[in-house]
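Structure, as structure tokens:
Just so it is clear: chains get the letters A, B, ... in the order the sequence lines come, proteins before strands, and each one is counted from 1.
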Amino acid sequence: MFQLDIDEASFAWHGDAAEARQRQKALAERVRLGDDFGPVNCVAGVDVGFEEGGAVTRAAAVLLKADTRQLIGQALVRQPTVMPYVPGLLSFRELPALIAALQQLDQRPDLVFVDGHGIAHPRRLGIAAHLGVATDLATIGVAKKVLCGRHEALAEMRGAQVPLLHRGERIGTVLRSKHRVRPLIVSPGHRLSHDTAVAQVLAFDGGYRLPEPTRLADRLASRRGPLPDSGSSR
DNA sequence: GCGACAG
DNA sequence: ATCTTGTCGC
């Protein structure tokens with residue numbers, strides 16, 4: 001476990017969707033784009049899954065060494081689900097468990113890959129951006145589908161990319177991580193630029209559609225068996 | 001008003 | 001996200 005100042009009030013759910021959307025607008029102003037993070041020695045990947053028909057929220061966090069991309073830690077947290085899924089308000093439902101899992105890692109990650117959007121959100125506060133503002137950690141959003149915005153078609157080859165636009169503003173990048181495979185939506189969460197977000201996703205490619213940090217966290221969050229261990233987990 | 005809608 | 005078996009393709 002490592003030190004982390006958390007702005008719990010930022011993602012507290014009060015049962016009022018309109019109030020939550022208003023809070024998102026205010027929090028979005030605290031998001032910092034532009035690269036602002038130190039050397040990347042280790043990165044984390046976080047994801048959330050559900051059990052018991054949605055009654056239990058299951059959050060997973062993995063820690064990877066940046067140079068070797070070796071798994072050096074993992075954490076799993078289970079909590080009762082307190083809020084239903086509402087498009088646009090995903091972070092209020094998943095952040096409590098997600099942050100709990102993240103905090104159980106033995107080391108503070110220099111960068112966090114989050115499953116879901118960063119600023120590619122109606123009010124520019126997807127779960128990756130919200131996590132960044134709530135903890136001040138550098139975060140990247142990697143989603144499998146577009147929530148809002150439009151984009152031109154992109155080439156079928158790996159590495160092809162086009163900007164994702166919304167209301168005349170660039171909110172992310174549609175990136176083909178594998179040849180002829182559905183593209184990923186990459187967007188800055190906090191403390192980094194569009195270009196760096198894409199570069200980091202490509203840097204952690206492991207031959208699958210999802211970047212390694214996200215893929216491993218995804219695997220752990222789902223009940224698909226343990227991870228090919230290679231470090232500390234106890 | 002009508003459709004769309006991360007996980 | 002989750003419920004679910006086999007199956008087509010690289």
For this session: Would you jot down, in residue-number order, the residues of residues 191-198 of chain A having a non-hydrogen atom under 4.0 Å from DNA chain B?
Result: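 Those residues: none at all.
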
For this session: Name every residue in residues 118-148 of chain A that has at least one heavy atom under 4.0 Å from any atom of DNA chain B, in order of residue number, or write none if there are no such residues.
Result: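 Only A/His121, A/Gly126, A/Ile127, A/Ala143, A/Lys144, A/Lys145, A/Val146, A/Leu147 qualify.
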
Problem set entry | Structure string for DNA chain B in dot-bracket form, Watson-Crick and G-U at under 3.5 Å, | interchain | .......

Problem set entry | A/Arg176 to A/Lys178 - nearest heavy-atom pair and separation |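 Nearest heavy atoms, A/Arg176 then A/Lys178: CG-O, 3.1 Å.
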
For this session: Quick one: closest heavy-atom pair of A/Ile119 and A/Ile171, and the distance?
Result: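 For A/Ile119 versus A/Ile171, the nearest heavy atoms are CG1-O, 3.3 Å.
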
Exercise. According to the Watson-Crick and G-U wobble definition with distances under 3.5 Å, which dot-bracket string, read 5' to 3', encodes DNA chain C, using [ ] for crossing pairs and | for pairs with another strand?
Worked result: ..........

Regarding [X] and [Y], does a basic nitrogen lie under 4.0 Å from an acidic carboxylate oxygen?
X: A/Glu29; Y: A/Arg124; value: no
X: A/Asp205; Y: A/Arg158; value: yes
X: A/Glu212; Y: A/Arg69; value: no

Problem set entry | Covered region of DNA chain C, 5' end to 3' end, by chain A [heavy atoms, under 4.0 Å] |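 Listed 5' to 3', the contact boundaries are C/dA1 to C/dC3.
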
Exercise. For A/Arg30, what residues pass the salt bridge (charged side-chain N to carboxylate O under 4.0 Å, His left out) criterion, not counting sequence neighbours?
Worked result: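 Expected list: A/Asp7.
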
Exercise. Which residues pass the salt bridge (charged side-chain N to carboxylate O under 4.0 Å, His left out) test with A/Arg108, sequence neighbours left out?
Worked result: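 None.
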
For this session: Can you sort out the partners of A/Lys65 under side-chain hydrogen bond (donor to acceptor under 3.5 Å, both in side chains), two or more places apart, ordered by chain and number?
Result: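 Per chain and number, A/Lys65 pairs via side-chain hydrogen bond (donor to acceptor under 3.5 Å, both in side chains) with A/Asp67.
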
For this session: Name the nucleic acid region contacted by A/Phe50, choosing base, sugar-phosphate or nothing; use a 4.0 angstrom heavy-atom cut-off, strictly under.
Result: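 If one applies the 4.0 Å heavy-atom cut-off, A/Phe50 turns out to touch the sugar-phosphate alone, with no base involved.
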
For this session: Tell me what A/Arg93 touches on the nucleic acid: a base, only sugar-phosphate, or nothing, going by heavy atoms under 4.0 Å.
Result: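 If one applies the 4.0 Å heavy-atom cut-off, A/Arg93 turns out to touch a base.
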
Exercise. With respect to A/Leu111, which candidate in A/Leu192, A/Thr139, A/Asn41, A/Leu137 satisfies the side-chain contact (heavy atoms from CB on, under 4.5 Å) definition?
Worked result: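 Passing option: A/Leu192.
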
Exercise. Can you name the residues that form a ring pair (Phe, Tyr, Trp, His ring centres under 6.0 Å) with A/Phe92, not counting sequence neighbours?
Worked result: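 So A/Phe92 forms a ring pair (Phe, Tyr, Trp, His ring centres under 6.0 Å) with A/His130.
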
Exercise. Under the ring pair (Phe, Tyr, Trp, His ring centres under 6.0 Å) test, which residues partner A/Phe204, sequence neighbours left out?
Worked result: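 Applying ring pair (Phe, Tyr, Trp, His ring centres under 6.0 Å) to A/Phe204 gives A/Phe113.
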
Please check: side-chain N/O of [X] versus main-chain N/O of [Y], any donor-acceptor pairing under 3.5 Å?
X: A/Arg209; Y: A/Pro183; answer: yes
X: A/His194; Y: A/Gly34; answer: no
X: A/Thr135; Y: A/Leu131; answer: yes
X: A/Gln79; Y: A/Ala59; answer: no

For this session: Sorted by first residue and then second, give each side chain to side chain donor-acceptor pair (under 3.5 Å) pair with at least one member in residues 181-193 of chain A; sequence neighbours left out.
Result: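 Listed once each, the pairs are A/Asp35-A/Ser193, A/Asp36-A/Arg191, A/Asp136-A/His190, A/Ser193-A/Thr196.
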
Exercise. Would you say A/Asp16 has more than 12 foreign heavy atoms packed within less than 6.0 Å of its CG?
Worked result: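 Check passes, neighbour count above 12.
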
Problem set entry | Start and end of the DNA chain B segment that chain A contacts, any atom under 4.0 Å from a heavy atom |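 Counting from the 5' end, contacts occupy B/dC5 to B/dG7.
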
